[in-house]
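What follows is one structure encoded as structure tokens, with my remarks underneath.
Remember, it's a predicted structure, so these values are computed and weren't measured experimentally.
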Amino acid sequence: MFNTSITSEQLNSFSKGNMIEHLGIEFLEVHPAYFTARMPVDHRTKQPFGLLHGGASVVLAETMGSIATMLVAKDPATMKAVGVEINANHLKAVREGWVIGTCSPIRIGRTMHVYDIKIHNEQGDLVCVSRLTVAILSA
């Protein structure tokens, strides 16, 4: 499903000068059925009580779903992805280290995609489960 000829280095090049870079999100691996990214739990992504901010998890999830849309497109230059709806269940607190997201498609339609994004801590504990609906627009 995902275009595995696109490397994590190419994906990371999209991060320059935007929120992805600001939060330290890094794309790791692209597999045919899923891809992974990670985000640090540090001063950029914590809330005032020292825990990973739920909004930062949502940014990671929406970023991954938007990039996923590009990874399934026949010609990414002719389309753009815009988030329509996102939900997130925050299941476990994280105080430090990294969280790792895994994004996989639920449905890939002509004008709408739905993705499942699971975020784990470095120990493998599930931290957040998110679902993103993306509309596909002409570029």
- Not counting sequence neighbours, list each pair that qualifies as a salt bridge (charged side-chain N to carboxylate O under 4.0 Å, His left out) and has a residue in residues 14-35.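 Output for this query lists Glu26-Arg38.
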- Does any pair with a residue in residues 39-66 pass salt bridge (charged side-chain N to carboxylate O under 4.0 Å, His left out), and if so which ones, sequence neighbours excluded?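 Checked against salt bridge (charged side-chain N to carboxylate O under 4.0 Å, His left out) - neighbours excluded - the pairs reaching residues 39-66 are Asp42-Arg44.
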By side chain to side chain donor-acceptor pair (under 3.5 Å), which residues pair with [X], not counting sequence neighbours?
{"X": "Asn3", "value": "Ser5"}
{"X": "His22", "value": "none"}
{"X": "Asn18", "value": "none"}
{"X": "Gln10", "value": "Thr7"}

N/O donor-acceptor pair under 3.5 Å between [X] side chain and [Y] backbone:
{"X": "His53", "Y": "Gly55", "value": "yes"}
{"X": "Ser66", "Y": "Thr63", "value": "no"}
{"X": "Gln123", "Y": "Asp125", "value": "no"}
{"X": "Asn12", "Y": "Ser8", "value": "yes"}

- Item | Separation of Asn121 CG from Leu52 CG (nearest 0.5 Å) | 10.0 Å
- Message: Going by salt bridge (charged side-chain N to carboxylate O under 4.0 Å, His left out), name the residues that satisfy it together with Lys118, two or more places apart in sequence or in a different chain.
- Response: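 Expected list: Asp116.
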- Item | Contact check, side chains of Thr102 and Ile117, non-hydrogen atoms, under 4.5 Å |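 They are not in contact (no side-chain heavy atoms under 4.5 Å apart), so the answer is no.
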- Task: Using a 4.5 Å cut-off on heavy atoms from C-beta on, say whether the side chain of His31 contacts that of Phe2.
- Result: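 Heavy-atom side-chain distance check fails, nothing below 4.5 Å.
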Applying the 4.5 Å side-chain criterion to the ILVMFWY set and letting contacts propagate, would [X] and [Y] be lumped into a single cluster?
{"X": "Phe14", "Y": "Met79", "value": "yes"}
{"X": "Leu51", "Y": "Met39", "value": "no"}
{"X": "Leu60", "Y": "Val58", "value": "yes"}
{"X": "Val114", "Y": "Leu71", "value": "no"}
{"X": "Ile6", "Y": "Ile108", "value": "yes"}

Nearest heavy-atom pair of [X] and [Y]: which atoms, and what distance?
{"X": "Cys103", "Y": "Ala68", "answer": "SG-CB, 3.8 Å"}
{"X": "Val59", "Y": "Ile25", "answer": "CG1-CD1, 4.3 Å"}
{"X": "Val134", "Y": "Ala81", "answer": "CG1-CB, 3.4 Å"}
{"X": "Thr4", "Y": "Pro32", "answer": "CG2-N, 3.5 Å"}
{"X": "Ser57", "Y": "Cys128", "answer": "CB-SG, 4.1 Å"}

Pair up each side-chain donor or acceptor in residues 83-100 with any protein partner under 3.5 Å, not counting sequence neighbours, and list the distances.
| residue | atom | partner | partner atom | Å |
| --- | --- | --- | --- | --- |
| Asn87 | OD1 | Arg131 | N | 3.4 |

- Restricting to pairs with a member in residues 102-125, which pass ring-ring contact (aromatic ring centres under 6.0 Å, His included), not counting sequence neighbours? His113-Tyr115
- Query: What residues form a ring pair (Phe, Tyr, Trp, His ring centres under 6.0 Å) with Phe27, not counting sequence neighbours?
  - Reply: none
- Task: Starting from Val82, walk the hydrophobic network (Ile, Leu, Val, Met, Phe, Trp, Tyr; side-chain heavy atoms closer than 4.5 Å) and list everyone else you reach, by chain and number.
- Result: Leu137
- Query: Who passes side chain to side chain contact (heavy atoms under 4.5 Å, CB included) against Met112, sequence neighbours left out?
  - Reply: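 By the side chain to side chain contact (heavy atoms under 4.5 Å, CB included) rule, Met112 matches Thr133.
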